[in-house]
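Numbered from 1 within each chain, the chains take letters A, B, ... in sequence-line order.
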Number of protein chains: 2
Amino acid sequence: MVTMQDVAERAGVTKQTVSNVISGRVAVRPSTEARVRAAIDELGYLPNLVARSLATGNTRTVGLFVPTVVTAFYADLVEAVEDVLEEHGHHLLLCTTRRDGERARRHLAGLTSRSVDALLIAGDQDLIDHLPLLSHARFPVVLCAWETDVPERYPVVTIDYDHSGYLAGRHLRELGHERVAVLASPAHSVRVEGFRRAFAVDGVTVPDRAVHMAPEPSFRGGIAAAHAALAAAPGTTALFATHDVLAAGALVAAREAGRSVPRGLSVVGLDDSPEGLLSRPALTSVALPKREMARQAIELLLRDRTASGSPAIPRRLLRPELVVRDSTGPAA
Amino acid sequence: MVTMQDVAERAGVTKQTVSNVISGRVAVRPSTEARVRAAIDELGYLPNLVARSLATGNTRTVGLFVPTVVTAFYADLVEAVEDVLEEHGHHLLLCTTRRDGERARRHLAGLTSRSVDALLIAGDQDLIDHLPLLSHARFPVVLCAWETDVPERYPVVTIDYDHSGYLAGRHLRELGHERVAVLASPAHSVRVEGFRRAFAVDGVTVPDRAVHMAPEPSFRGGIAAAHAALAAAPGTTALFATHDVLAAGALVAAREAGRSVPRGLSVVGLDDSPEGLLSRPALTSVALPKREMARQAIELLLRDRTASGSPAIPRRLLRPELVVRDSTGPAA
DNA sequence: CTGAAAGCGCTTACAG
DNA sequence: CTGAAAGCGCTTACAG
């Protein structure tokens, strides 16, 4: 493998000069530069990034933890992060925790030795107990997409999940719905709170018995929960699901139960996912600004760290947005 | 930041001894080891992975190129790769090319300087022109999930895509279908060939006019292509879509056209994706062995490279499998 | 504009 | 079982 030294000898200069032409930080006489570049091409020289990292102290790589990549939300987030990283000339080291605390711990420990310049951790309950591992980390850490129990010690860029539920609720209220049910998965309690708040504003209470749980946000879970909701309260005119896949299941359940959507039943989801677009009718949903979240989080991470005299730990909350499509309509 | 030297001083030994206790490669007297470990804990010492990489010549990181991560196929592949990597104690550097040749080129160039130990490239036409950039790479490269124009120069672990189409065709043949149409996207010509072969075996020809193209494998494209197919040949009893999302669209089109599935029309997809499971009726499909592909590809990559006296460039073809669900039935 | 020197933090033979 | 030395391939001041 050819090194900078080899190039230098070939070009009849020292390796410092080669380094100068590569980095462009120091002016080099044009004729010298030409000789060096020729030598680089002839030899097929490629700088060794590891050596450079040891000398400069940065790897131009940032780590990203996500629970999974199979889900549209996190897949989008990963690509958004990668885009912003590319603008900054950084690479992406990816770790999916797969809802496995032990696995998360191992990966966290494995990265904590400056093989990355910074670390972005997308909301994951599995990781929360292991965050103290980062106490000796030599790089900045920011948290994003954190929905509950947001740790106070780290900067956070996340979404106003409470408001996302509120938007769904307000939409249904504006359509005149009073008898509603909620399909929720356990991790989404904040969304349910927001939803309830939209009704509480008008003095309407969404009782606990109107909230039907699905163990996780799955299509099948949505079908089952919707059937349960409709059976428990046949007079229900609208359903709010804390995630689109749950809502997609609810649409199937509605059909099975002989309820037409939106005529006989309105359904609103959350996350504005491909599953919602794919449903018939297309799902009204609440979009979560993941790309904006990625941008802000990475910029926080890559911001001049020397100017670390910042007094407060940054906490940013991004606003979701209602997307009205075909699954919601006025209450009968 | 505390270094190995700091630990050594604290423990009253030299840094070589610290290195020995950390690596465990050389036996260390128990009492010495205890002192060293205590010093490590007290100081919160974390080895610098970059320095280690420079000294050892390996980064314990492998790069993976995929077109995107938003699609279930590649998302699964990424997680499968990560799983195998973890078994080997390696990290994952991820690059999505996003069907953008220029972007792919930049990333490829950026990695070619030994910031990874090995590189796995999942089929991507955007990358194919830039593969020569790898000629000076200091690490092994293998290709996977490559569907057409498989480069000869590199080891390949891929799926028998032709056979996947064949399995779909044979299934339909066995159900007695003769008048069939194909919904295909341009990248999937191999799958169409295989499908045709299953019919050709019985002397039945699937004519070009029965093949309806969708610009890409999208839900909307599937709806449009299916409508076109049904309009062009109302007597069609079965549809083969080269991807499940196309087939999911076809299911919607069938409903819109008043054709019941599978009674009045059979539909078979390919890829055994979540979209297919989510469809009503659940889609008959052909599963592609992505996890097995990931395993074999990574093991090829990480295999003892010193034993590189292997004569032939490895080429492995994995077998897909038919998954019969509810969208196919006997021809009327 | 170019060269000599020191150093980044480890690991790897090699002596003792 | 432990220590002294050299080296991995760069970059960064610092002289000239």
Problem set entry | Donor-acceptor under 3.5 Å (B:T112 side chain, B:L134 main chain) | no
Exercise. Could you give the start and end, 5' to 3', of the contact zone on DNA chain C for chain A, using atoms under 4.0 Å from its heavy atoms?
Worked result: C:dC1 to C:dG9
Seminar exercise, completed: d(B:E147 CD, B:D160 CG) to nearest 0.5 Å is 10.5 Å
Exercise. So with a 6.0 Å cut-off around CD of B:E152, is the heavy-atom count from everything else above 12?
Worked result: no
Seminar exercise, completed: Sorted by chain and number, sequence neighbours left out, salt bridge (Lys or Arg N to Asp or Glu O under 4.0 Å) with A:R291 holds for A:D83
For this session: Check each residue of residues 5-22 of chain A for a non-hydrogen atom within less than 4.0 Å of any atom in DNA chain C, then write out the ones that pass by number, or none.
Result: A:V13, A:T14, A:Q16, A:T17
For this session: Take B:E82 and B:L94 through the test side chain to side chain contact (heavy atoms under 4.5 Å, CB included) and record every step on the way to the result.
Result: CA-CA 10 Å; B:E82 212 196 336; B:L94 181 73; over 6 Å; no
Seminar exercise, completed: Here the gap from A:Q296 atom CD to A:L318 atom CG, rounded to the nearest 0.5 Å, amounts to 5.0 Å
Exercise. Under the 3.5 angstrom rule, does the side chain of A:D6 hit a backbone N or O of A:T3 as a donor-acceptor pair?
Worked result: yes
Problem set entry | Contacts of B:E87 that satisfy salt bridge (Lys or Arg N to Asp or Glu O under 4.0 Å) - sequence neighbours left out | B:R295
For this session: Answer yes or no: does atom CZ of B:R315 have more than 12 heavy-atom neighbours from other residues, nucleotides or ligands under 6.0 Å?
Result: yes
For this session: Work out which heavy atom in B:V50 is nearest to a heavy atom in A:L54; give both atom names and the distance.
Result: CG1-N, 3.5 Å
Exercise. What are the residues of residues 23-45 of chain B, sorted by number, that bring a heavy atom to within less than 4.0 Å of DNA chain C?
Worked result: B:R25, B:Y45
Exercise. Mind pulling the stems DNA chain D is in, i.e. runs of at least three Watson-Crick or G-U pairs, everything under 3.5 Å?
Worked result: C:1-3 with D:14-16, C:5-12 with D:5-12, C:14-16 with D:1-3
Exercise. Is there a donor-acceptor pair closer than 3.5 Å between any side-chain N or O of B:S23 and the backbone N or O of B:S19?
Worked result: yes
Problem set entry | Short side-chain to backbone donor-acceptor contact, B:S53 and B:L49, under 3.5 Å | yes
